[in-house]
Amino acid sequence: MQNQFLDPAIKWEENGESLKIYTPKEFSFRQNLKYLSRSPNECLFEATEDKIIRALSLHNETVLIEITAENDTMLVVRFLADTASREKEAVVKYVYEWFDLGTDIRPFYDLAKRDPILHNFVHHFFGLRIMGIPDLFEALAWGIMGQQINLAFAYTLKRRLVEKFGTFVEHDGRKYWLFPKPEAIAHLQIKDLTELKMTGRKSEYLLNAAKLLLHDELSKEQLLQTNNVKEVEKILTKIRGIGPWTANYVLMRCLRFPNAFPIDDVGLHNSLKLALERDEKPVKEEILSFSEGWAEWKSYATFYLWRLLY
DNA sequence: CGCCAGGGTGTGA
DNA sequence: TCACACCATGGC
């Protein structure tokens, strides 16, 4: 059941009320679930030991889906809360992109095997993918909110924003929240966001990002028109509040550039400190020299290194 | 209580 | 270009 609007590489089929999406050999649902379960304060989906439930906003409808895996050869998507979709292709596309199923990560594993740092642990996380943030506004907002604060507090800020300005689908007495659209944020006042305990600066950055997206002065499609990572980084860092870290974070988790590299990331520094069994975090010059060996797979190297922290 | 947190901007040399 | 102050709040 292929569709002309979907990447023909996506293999999927409709099976009764569920959708089945075939996964590559280098994919482990369990490994990705572990990543998704890292915060008890996550508000955009529910990840348990064997399934994920989340709401999705498509063009003309909102659905609530449950994702499970069968034999690690396919993902199975079911519609909950009576939200059977008419936009099945869009659901398949979202899930495919979220799990980064379109990337052949075998070259990364070949590279990691010979890497002095990566070879020690990458095999422990076999099948882990860079879990994405397909929505550009959500990715930018998450990046901005996460600047210079600990991750636990970042999750709290996200929850406050979502529960104040987002929408939800109810199922079994639980609310499944959707990240607010740019139009729900763009017209707010700074005060509306500082009330959530974001700093004044972050509030400005977030409002500005919402306005750019709302007015189509920035879009995922536009950013994906070039495949030059440095060029897109330049476009993003021209935006006030988006520096090298946020730009590369978005390049990695939303725009899916495999060679994006948030070198200023404190988590990455701590991961390397742990991986190298050092007492101090490595300095930037040293990290640069490590990353030379990661070539076109810096984002995957970073994501696997992060896994050492939890 | 003190240190640090998945940074970014603005300033001054 | 590069160091440095400042932002400002919470987790631990």
Side-chain angles (χ1 to χ4, degrees), chain A residues 34-44 125 128-133 136 138-164 179 190-212 218 230 232-257 260-275 278-285 287-288 290-291 294 298-310:
Chain A
K34 273 192 190 170
Y35 170 77
L36 293 175
S37 307
R38 69 186 178 150
S39 171
N41 208 11
E42 172 63 60
C43 61
L44 293 177
F125 307 128
L128 173 69
R129 302 269 160 170
I130 296 180
M131 290 304 303
I133 306 176
L136 179 59
E138 184 188 329
L140 282 168
W142 180 231
I144 290 167
M145 283 190 285
Q147 290 168 3
Q148 182 55 24
I149 57 174
N150 61 69
L151 210 47
F153 184 38
Y155 274 106
T156 298
L157 287 180
K158 182 169 85 164
R159 174 180 288 279
R160 287 180 188 154
L161 183 82
V162 167
E163 292 185 351
K164 183 143 189 186
F179 198 79
I190 300 282
K191 181 172 73 68
D192 297 319
L193 297 178
T194 54
E195 275 175 1
L196 309 180
K197 301 304 176 187
M198 280 186 222
T199 64
R201 293 282 173 83
K202 272 185 198 178
S203 304
E204 288 173 29
Y205 302 161
L206 190 53
L207 288 181
N208 183 48
K211 284 175 186 164
L212 289 175
L218 183 70
K230 285 294 166 194
V232 186
E233 180 184 350
K234 203 170 168 184
I235 295 172
L236 285 171
T237 52
K238 276 184 189 161
I239 301 169
R240 186 174 143 80
I242 300 181
W245 177 82
T246 310
N248 278 276
Y249 188 83
V250 170
L251 283 163
M252 172 178 170
R253 296 201 59 199
C254 180
L255 303 172
R256 294 273 181 213
F257 281 77
F261 190 43
I263 190 170
D264 305 301
D265 185 79
V266 178
L268 175 68
H269 304 168
N270 284 322
S271 297
L272 285 167
K273 177 183 160 187
L274 201 64
R278 299 260 187 91
D279 293 325
E280 303 291 334
K281 290 182 277 195
V283 296
K284 197 163 179 170
E285 292 72 27
I287 302 174
L288 266 177
F290 294 146
S291 70
W294 305 337
K298 295 189 186 70
S299 63
Y300 259 90
T302 301
F303 203 73
Y304 271 67
L305 276 159
W306 280 346
R307 274 300 304 271
L308 294 176
L309 295 178
Y310 43 81

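Letters A, B, ... mirror the listed sequences (proteins, then strands); counts begin at 1. Values in this document were obtained by computation on a predicted structure and should not be read as measured data.
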Distance-only check: which donor-acceptor pairs under 3.5 Å involve side-chain atoms of residues 144-153 of chain A, not counting sequence neighbours?
unit_1, atom_1, unit_2, atom_2, d
Q147(A), NE2, G241(A), O, 2.9
Q147(A), NE2, T246(A), OG1, 2.8
N150(A), OD1, A152(A), N, 3.3
N150(A), OD1, F153(A), N, 2.8

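- Between E42(A) and K158(A), some side-chain heavy-atom pair lies under the 4.5 Å cut-off.
- Rounded to an integer number of Å, the gap from Q148(A) CD to dC3(B) C1' is 12 Å.
- Y35(A) is linked by a ring-ring contact (aromatic ring centres under 6.0 Å, His included) to F303(A), counting only residues two or more places apart in sequence or in another chain.
- In terms of heavy-atom proximity, R256(A) sits nearest to M131(A) at NH2-C, 3.8 Å.
- First and last contacts of DNA chain C with chain A, using any nucleotide atom under 4.0 Å from a protein heavy atom and ordered 5' to 3', fall at dA8(C) to dG11(C).
- Going from atom CG of L140(A) over to atom P of dG7(B) covers 16 Å, rounded to whole Å.
- Side-chain contact between L161(A) and M198(A): present, with at least one pair of heavy atoms (C-beta onward) separated by less than 4.5 Å.
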Tabulate protein N/O versus nucleotide N/O from nucleotides 8-10 of chain B, keeping only pairs under 3.5 Å, one per line.
unit_1, atom_1, unit_2, atom_2, d
dG8(B), OP1, G243(A), N, 2.9
dG8(B), OP1, G243(A), O, 3.2
dG8(B), OP1, W245(A), N, 3.4
dG8(B), OP1, T246(A), N, 2.9
dG8(B), OP1, T246(A), OG1, 2.8
dG8(B), OP2, W245(A), N, 3.2
dT9(B), OP1, G241(A), N, 2.8
dT9(B), O3', R240(A), NH1, 2.9
dG10(B), OP1, R240(A), NH1, 2.7

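- Rounded to whole angstrom, the span from the CG atom of L151(A) across to the P atom of dC4(B) amounts to 18 Å.
- Y304(A) meets the ring-ring contact (aromatic ring centres under 6.0 Å, His included) test with F108(A); sequence neighbours excluded.
- Atom name C1', nucleotides dT9(B) and dG10(C): the rounded distance is 22 Å, in whole Å.
- Taking atom CG on L309(A) and atom P on dA5(B), their separation rounds to 11 Å, with Å as the unit.
- OP1 or OP2 of dC3(B) has not a single side-chain nitrogen or oxygen of N150(A) nearer than 4.0 Å.
- Counting non-hydrogen atoms under 4.0 angstrom, G143(A) reaches nothing in the nucleic acid.
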Determine whether T302(A) and D265(A) satisfy the following criterion, side-chain contact (heavy atoms from CB on, under 4.5 Å), listing intermediate values before the conclusion. CA-CA 9 Å; T302(A) 301; D265(A) 185 79; 5.6 Å; no

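- Listed by first then second residue, pairs satisfying salt bridge (charged side-chain N to carboxylate O under 4.0 Å, His left out) with a partner in residues 232-242 of chain A read E204(A)-R240(A), K230(A)-E233(A), not counting sequence neighbours.
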